[in-house]
Amino acid sequence: MERFKFLRFFSFRTQLDFLPSSNPVRENLINGANTDTNGEHRDGFFSNLVYGFLRRFKSGSKLSSPVRYLEKIDGGSKTEEEEKVYSWLYALARSEIYMAFEYVRSTERGLSFTEAEKRLKENGPNTPLEYTFPSSWHLLWSAFFHPFNIILIVLSALSYITSDNPNGCIMLILVFISVSLRFYQEYGSSKAAMQLSEYVRSPVKVQRCAGRVVQTELIVQVDQRDVVPGDIVIFEPGDLFPGDVRLLTSKHLVVSQSSLTGESWPTEKTADAREDRSTPLLELKNICFMGTNVVSGTGTGLVVSTGSKTYISAVFSTIGKHKPADSFEKGIRHISYVLVGVMLLVVTIMILVEYFTFYDLSESTLFGISVACALTPQMLPLIINTSLAKGALAMARERCIVKSLSAIRDMGSMDILCIDKTGTLTMNRAIMVNHLDSWGAPREKVLHFAFLNSYFKSDQKYPLDDAILAFVYTNGYRFQPSKWRKTDEIPFDFMRRRVSVILETESNPEGRNIQPFYRFIITKGALEDVLKVCSYVENVDMGEITAVSAEHHHRILNVVEELRNEGLRIIGVAIKNLQQTKISKQNMENEDDVESDMVFLGVIAFFDPPKDSAKEALWRLAEKGVKAKVLTGDSLSLAIKICKEVGIRTTHVTTGPELEQLNQEAFHEKVKKATVLARLTPSQKLRVVQSLQSVANHVVGFLGDGINDSLALDAANVGISVDSAASVAKDLADIILLEKDLNVLVAGVEQGRLTFGNTMKYIKLSVIANLGSVVSLFIVTLVLRFEPLTPIQLLVQNFLYSVGQIAIPWDRMEEDYVKIPQKWSVKSLPMFILWNGPVCTLCDVATLLFVWFYYSSGGKLDESFFRSAYFIQGLLMQTLIFHLIRTEKIPFIMEIASWPVLASTVVISAIGIAIPFSIIGDFMGFTDLPLSYFGFLVVLFVGYFTVGQIVKRIYIMVYKKWL
């Protein structure tokens, strides 16, 4: 993945360079950014600058231990980089404008071209992340460097040295397939965070000064990469902020911060505001952030941070960093190292025993290599990747793109799914549900005038307008818009947050026709902004219009608060009857005069309904042990409403500001219990995911589609996004849904558990069969004083056994298995081996004893005969053992494997039995076996399955009790 190199922002030296100590005003300003333990500001002209830095640097720069990692995800604390950025921006937000210029060493005329070039060289290009992509060779090496790959290559080399070319070729092919699949996966996802650079590629208007004696202010366009701290930028609607900016001037400025907060509604900004530390950072009115954009209005601003020193860089600084290995990967590596150690020990002993028995070093070495091959689970990389690829293809049929194959396996272990409600739980569209007057009673008149406003407005139709029109048409209302004629319009803007139309009709809709025609201004929009222009309120029951009093205002707000607590979105509706003589004298360009002294009619309520499939999907996930948590940037009341509709419990809820105030222990406890977490920032979503992973030991999936979800997507065990998501979200996701339907995830969970289960079957099978076989070989060699199998016989047996395992990914799992999350257990596998491994060895020893006592002649046993018998028994044992360990039920009676596995078992067993009787068997040194021996094998395997089933049941009971 990307290796990001982040510049250290505000280190002690950097800050002193940024703020020369010779200026006491600057020292006072930076000290003002720091607070003591009681939260009081340490403002003072000669305050000690070191105080704030001792607080920031006391914990060290790296978090290596588990304790420090948990401190990093503390709900109330921030990372070191975030803390520095927060202090810097708060200092600017609390400062006067002239002090802000001093702080960044700039002037009201802007920087000179020479100074700007100097700062560009010092700070580097204005890119949020400095990244370098790993080379193809680096990715190839990472894919190649796996314990089993190294083992197979070493064994392959030894096989070629000892002239065992076929076996060496097979092992190299297995390595090639495994490395190729992993390399393709890593290379495809190596450009994850590059999309953040999209924010810094458009030109920016900058004010610079030129001239040596008389400096002239110039407005020039520069690339955003060339913007430096101290520049003065001029912005207008549609512009992206090139860095973190302290506003200098503003006019009706409205900014969208959805890339940081996830909230779709924009926020107002003003240069005149003076903020304090109690205001949440993203709610600062005089600070604009890199990556956000201007919706409406104009202004100028002083760039205070660029590049990796901006808020967006500090927050997203963990993107692309290597995730720690999960329990499965750790378990595989642990088994690898154990097998390597056992292999080295056993092979060394076998070679020594062989050598001191026959004094043939070449033959002893070849036999030792053959034993090492038998002990190595050669098919493990291929089985794992085949299982994952099969799961990915199955999910593709569910309209789902799997970018990371390992995500399939992780979905099988996933027990927490964090989701954002917008577009996932809901239809992501507004539906009108009610029209109420100021008393909270349904009134058709409110709907009538809201309909006329939406019908006649020529400005862009918004979803709320479509919802009003659809409600009227589908419910049979006949408001006869043909009797009205529009004469003028005041379009919507984000400063007024309302739209007005002026209509004319020949009949008075209020019921009194005393004039030839009537003119009305009809206004609808955000409730608070509609109420601002209303001086009267209509009481329909009493048939009168009265002045708006404090009581009226309070009652309207109470009605609206109740509606909002139910998760409804509210807009207000007001009208004004314009007399013909007055309208001609009014200046229609003066919006304040026209939109004044209006009559408040009531409100229109909208709802973003939950998807029909969401409740069913969440219920199905819960059945499979996957709990849902909603992590959203929207309001808590709206999130609770949606969650109740889809069946998510809302007993424990919290918000981002609440989490910010908690200490570490309280934060983790709150995150563990809460099912709805609203008003979260990107970094808070990250900390929630990390808390669930590290403290609660959950395997976490995260479903998000915005830039604000990128941190959590990158940190989650399974990152899930949708096809319509932001580019960076899709790049960081492991799985992309082509449809926003949670039912796809249900299928993914089932596939993940199927993949995990089949992989664990192979691991158990390989470890038990291989270890049991090697122990048996060692015992037989010591007893018989000759090789129980020649190297070529051992390799052929191992090859047939490995080929038979290829069908394992196509096996099925029991219904009970896929109902609960499956995780790698450190205890279960060793216990399973200790209980079941000796049974295999006992069967091999029983074969030795039977052949010895039944077929020996004068105490001597024919080597060719024994090897033929031992070859068939060992191959059948390794083939049939899979059916015993694949299920907790009685194999072949209560539970039958899938047809590919059964076919593989029959074919491999038939080939193994036929070889000693064939020409190939003669070449390999085998001899024919009597029918009585096969009768013994039938009894042996019936006994094996009986004893094995008893041992398995005892193991299950003991293991569950031990847990």
Side-chain angles (χ1 to χ4, degrees), residues 4-27 29-30 33 49 81 84-85 87-89 91-92 95 97-132 197 199-235 239-248 287-290 300-314:
F4 297 91
K5 302 181 294 184
F6 288 91
L7 301 177
R8 296 188 58 79
F9 180 41
F10 280 140
S11 65
F12 192 83
R13 177 180 177 184
T14 302
Q15 196 149 350
L16 287 178
D17 292 341
F18 218 50
L19 184 64
S21 58
S22 60
N23 191 327
V25 175
R26 298 171 184 169
E27 292 183 11
L29 182 58
I30 187 62
L49 180 63
E81 295 300 321
K84 295 171 185 176
V85 172
S87 298
W88 171 251
L89 293 178
L92 270 298
S95 303
I97 292 178
Y98 77 92
M99 295 180 69
F101 279 113
E102 290 290 322
Y103 211 5
V104 297
R105 295 182 299 169
S106 184
T107 66
E108 295 180 357
R109 294 187 300 273
L111 298 175
S112 66
F113 289 92
T114 303
E115 178 65 18
E117 291 178 3
K118 178 183 176 182
R119 295 192 181 190
L120 184 60
K121 292 180 181 179
E122 292 175 352
N123 295 286
N126 180 26
T127 55
L129 300 172
E130 292 185 12
Y131 50 83
T132 57
S197 62
Y199 288 106
V200 290
R201 294 186 180 276
S202 57
V204 181
K205 291 182 180 179
V206 176
Q207 179 177 303
R208 297 267 173 90
C209 58
R212 294 188 176 183
V213 180
V214 179
Q215 292 189 332
T216 305
E217 299 170 6
L218 301 175
I219 305 298
V220 296
Q221 279 195 342
V222 299
D223 191 276
Q224 286 193 352
R225 293 170 177 262
D226 299 330
V227 174
V228 296
D231 268 331
I232 297 176
V233 293
I234 297 94
F235 43 82
D239 288 344
L240 286 167
F241 287 100
D244 292 341
V245 172
R246 169 62 161 93
L247 292 179
L248 302 177
I287 298 292
C288 297
F289 302 92
M290 187 178 199
T300 60
L302 177 66
V303 178
V304 297
S305 300
T306 59
S308 60
K309 301 176 183 179
T310 57
Y311 172 79
I312 192 173
S313 293

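FYI, the numbering just counts along the sequence from 1.
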Open item on the list: Could you measure the distance from the CG atom of Leu302 to the CD atom of Glu108? Nearest 0.5 Å is fine.
Closed with: 10.5 Å
Open item on the list: Tell me the closest heavy-atom pair linking Ala210 and Phe113, and the distance in Å.
Closed with: CB-CE1, 4.0 Å
- [ ] Search all heavy atoms of Cys288 against all heavy atoms of Leu247 and return the closest pair with its distance.
- [x] SG-CD2, 3.8 Å
TODO: Indicate yes or no: at least one non-hydrogen side-chain atom of Val304 is less than 4.5 angstrom from one of Tyr103.
DONE: no
Task: Minimum heavy-atom distance Lys309-Val85, with the two atoms named - done: O-CG2, 3.7 Å
Task: Minimum-distance pair of heavy atoms, taken over all atoms of Val104 and Gly230 - done: CG2-CA, 4.0 Å
- [ ] Measure across Val245 and Gly301 and return the closest heavy-atom pair with its distance rounded to 0.1 Å.
- [x] CG1-CA, 3.4 Å
Task: By side chain to side chain donor-acceptor pair (under 3.5 Å) - contacts of Asp231 (at least two apart) - done: Arg208
- [ ] Go through the structure and list residues passing side chain to side chain contact (heavy atoms under 4.5 Å, CB included) with Ile234, not counting sequence neighbours.
- [x] Lys205, Gln207, Ile219, Thr300
Task: From CG (Leu111) to CZ (Arg105), nearest 0.5 Å - done: 10.0 Å
Open item on the list: Working to the nearest 0.5 angstrom, can you tell me the gap between Arg246 CZ and Leu89 CG?
Closed with: 11.5 Å
Task: Listed partners of Phe101 passing ring pair (Phe, Tyr, Trp, His ring centres under 6.0 Å), at least two apart - done: none
Task: Gap separating the OG atom of Ser305 from the CE atom of Met290, nearest 0.5 angstrom - done: 10.5 Å
Task: Donor-acceptor contact present, side-chain Asn126 to main-chain Pro242, <3.5 Å - done: yes
Open item on the list: Just verifying a value: how many Å separate Ile287 CD1 and Phe241 CZ, rounded to the nearest 0.5 Å?
Closed with: 10.5 Å
Open item on the list: Can you confirm whether Val228 sits close enough to Glu117 that some side-chain heavy atom of one is under 4.5 Å from a side-chain heavy atom of the other?
Closed with: no
Task: Point-to-point distance, once rounded to the nearest 0.5 Å, from CG of Asp244 to CH2 of Trp88 - done: 10.5 Å
Task: Short N-O contact, Glu115 and Arg119, less than 4.0 angstrom - done: yes
TODO: Return yes if some donor-acceptor pair links the side-chain N/O of Ser313 with the main-chain N/O of Gly307 below 3.5 Å, else return no.
DONE: yes
